[in-house]
2 protein chains.
Amino acid sequence: MGDDMADENISDLIERYLKEILADNEQVKIRRSEIAGLFDVVPSQINYVINTRFTIQNGYIVESKRGGGGYIRIEKVRLLDDIDVLDSLIEAIGNKLSKRDSETIVQTLYNNDLINRREVSIILAAIDKDAIDLNNSDLTDIMRANIMISILNRLRYEG
Amino acid sequence: MGDDMADENISDLIERYLKEILADNEQVKIRRSEIAGLFDVVPSQINYVINTRFTIQNGYIVESKRGGGGYIRIEKVRLLDDIDVLDSLIEAIGNKLSKRDSETIVQTLYNNDLINRREVSIILAAIDKDAIDLNNSDLTDIMRANIMISILNRLRYEG
DNA sequence: CATTCTTTGACTAATATTGACTATTATTAT
DNA sequence: ATAATAATAGTCAATATTAGTCAAAGAATG
């Protein structure tokens with residue numbers, strides 16, 4: 001597996017194409033079918049490329065709209081200098097998250113000056129037991145994990 | 001292919017046109033067929049734009065009259081105080097909440113200076129589709145409603 | 001060979017656009 | 001006054017135009 005450009009697959013080419021645009025622009029807005037046509041692949045392959053290569057972990061956020069004039073927009077975000085705390089918290093959460101552990105995490109965020117008091121209470125409201133309760137404590141813990149990870153990912157970048 | 005806005009759909013253009021007028025005026029009074037002619041669309045598309053983009057949740061009230069000299073008037077409403085904004089938003093949510101409506105609500109919170117940009121994005125992260133998805137779109141909308149109400153209630157006494 | 005990554009396409013979902021039909025109000029004719 | 005007509009706006013369902021999901025097939029990797 002020499003790092004020869006010739007043996008790149010099409011997904012890699014599409015990735016490279018988009019990243020070249022993103023080297024000069026904060027964001028790129030595409031019509032899915034256009035890019036698919038440009039590389040002669042089915043439209044859903046664009047989703048594959050986005051899902052595997054433009055994730056939030058890599059510092060991209062993706063927004064889209066369907067219908068007439070629809071689009072996919074990929075935006076580069078500036079990651080914070082010190083995201084180690086966030087990354088290790090995300091790593092530690094896994095699939096499920098208890099109420100108790102979630103409170104520990106929020107406390108850690110606050111202690112590390114990653115969020116302020118007001119943000120503490122917004123986050124606690126978002127994962128409040130009564131809000132996300134599903135009459136199934138396993139599902140509740142899964143939901144809490146998902147929401148917390150989503151918020152932690154958001155805190156990884158500026159703006 | 002950077003951040004150009006040239007390829008919006010017509011409904012977005014009409015929305016933008018009306019909001020530009022509303023930036024300088026408390027209200028805008030139009031003749032439906034005139035605006036339709038201006039953008040070369042059927043008159044009922046104006047209703048579509050109004051119903052999807054100038055709802056009460058977004059801070060507009062719409063009044064109209066048929067017959068000769070008929071019109072549509074869009075008015076920006078000024079909600080009395082913060083509690084009123086929160087109460088009417090909570091009232092409007094009900095049992096389920098779509099992604100689109102949730103974005104409108106967050107926008108309204110921001111427009112009324114109840115939350116800042118960072119809080120906007122934390123809240124959006126908390127109700128992100130991928131975070132709260134349960135492979136059942138009805139349940140997703142219920143979950144989104146619950147979380148949003150929980151957050152709005154928190155803001156209600158958080159100041 | 002087993003596993004993981006890529007490619008494909010059928011099906012689904014969201015949003016926009018159109019137009020036929022309806023409802024309301026104003027104006028004109030009787 | 002009343003009835004007919006004209007001039008508006010509203011509703012709703014059909015169609016068009018996008019993007020998303022998912023699982024199966026194929027390719028690459030180790």
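Chain letters run A, B, ... following the sequence lines, proteins first, then strands; residues in each count from 1.
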Sugar-phosphate only, base, or nothing, as touched by [X] at under 4.0 Å among non-hydrogen atoms:
X	value
G67(A)	base
Y48(B)	base
G68(A)	base
R53(B)	sugar-phosphate
I46(A)	nothing

Rounded distance (Å) that lies between atom [atom2] of [N] and atom [atom1] of [X]:
X	N	atom1	atom2	value
D133(B)	dT21(D)	CG	C1'	11 Å
R100(B)	dG20(D)	CZ	P	16 Å
Y71(B)	dA26(C)	OH	C1'	13 Å
N47(A)	dA13(C)	CG	P	15 Å
R73(B)	dG10(D)	CZ	P	13 Å
I10(A)	dA28(D)	CD1	C1'	14 Å
D130(B)	dG20(D)	CG	P	11 Å
I50(A)	dT6(C)	CD1	C1'	16 Å

**Message:** If you assign K129(B) and R31(B) each to the DNA chain D nucleotide with the nearest heavy atom, which residue ends up on the more 5' nucleotide?
**Reply:** R31(B)
**Pair L109(B)-V120(B), side-chain contact (heavy atoms from CB on, under 4.5 Å): steps then yes or no** = CA-CA 8 Å; L109(B) 293 173; V120(B) 164; over 6 Å; no
**Prompt:** Any sub-3.5 Å donor-acceptor pair from N112(A)'s side-chain atoms to L114(A)'s backbone N or O?
**Reply:** no
**Expected output: side-chain D101(A) to main-chain L97(A) donor-acceptor under 3.5 Å** = no
Please pick, from [options], the nucleotide with the shortest atom-to-atom distance to any side-chain atom of [X].
X	options	value
D12(A)	dT6(C), dC22(D), dA16(C)	dT6(C)
I72(B)	dT18(C), dG9(C), dA9(D)	dA9(D)
R32(A)	dG20(D), dT7(C), dA9(D)	dG20(D)
S64(A)	dT8(D), dA16(C), dA19(D)	dA19(D)
R66(A)	dG9(C), dG10(D), dT18(D)	dT18(D)
Q45(B)	dT18(C), dG20(D), dT7(C)	dT18(C)

**Message:** Please determine whether a side-chain nitrogen or oxygen atom of K65(A) lies at a distance below 4.0 Å from atom OP1 or OP2 of dA13(C).
**Reply:**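 Indeed not, no polar side-chain atom of K65(A) lies that close.
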**Asked** Between dA7(D) and S33(B), is there an OP1 or OP2 to side-chain N/O distance shorter than 4.0 Å?
**Response** no
**Heavy-atom donor-acceptor pair, S44(B) side-chain to dG10(D) base, under 3.5 Å** =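 In this structure, the two groups form no donor-acceptor pair.
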**Message:** Is the terminal nitrogen or CZ of K76(A) (NZ for Lys, CZ for Arg) located under 6.0 angstrom from the six-membered ring centre of Y157(A) and within 45° of that ring's axis?
**Reply:**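 Verdict for Y157(A): no cation-pi partner in K76(A).
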**Prompt:** Going by atom types alone, do N58(A) and T55(A) pair a side-chain donor with an acceptor below 3.5 Å?
**Reply:** yes
**Request:** Could you tell me whether the side chain of I72(B) reaches within less than 4.5 Å of the side chain of I35(B), counting heavy atoms only?
**Result:**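 A side-chain contact is absent here, since even the closest heavy-atom pair is not under 4.5 Å.
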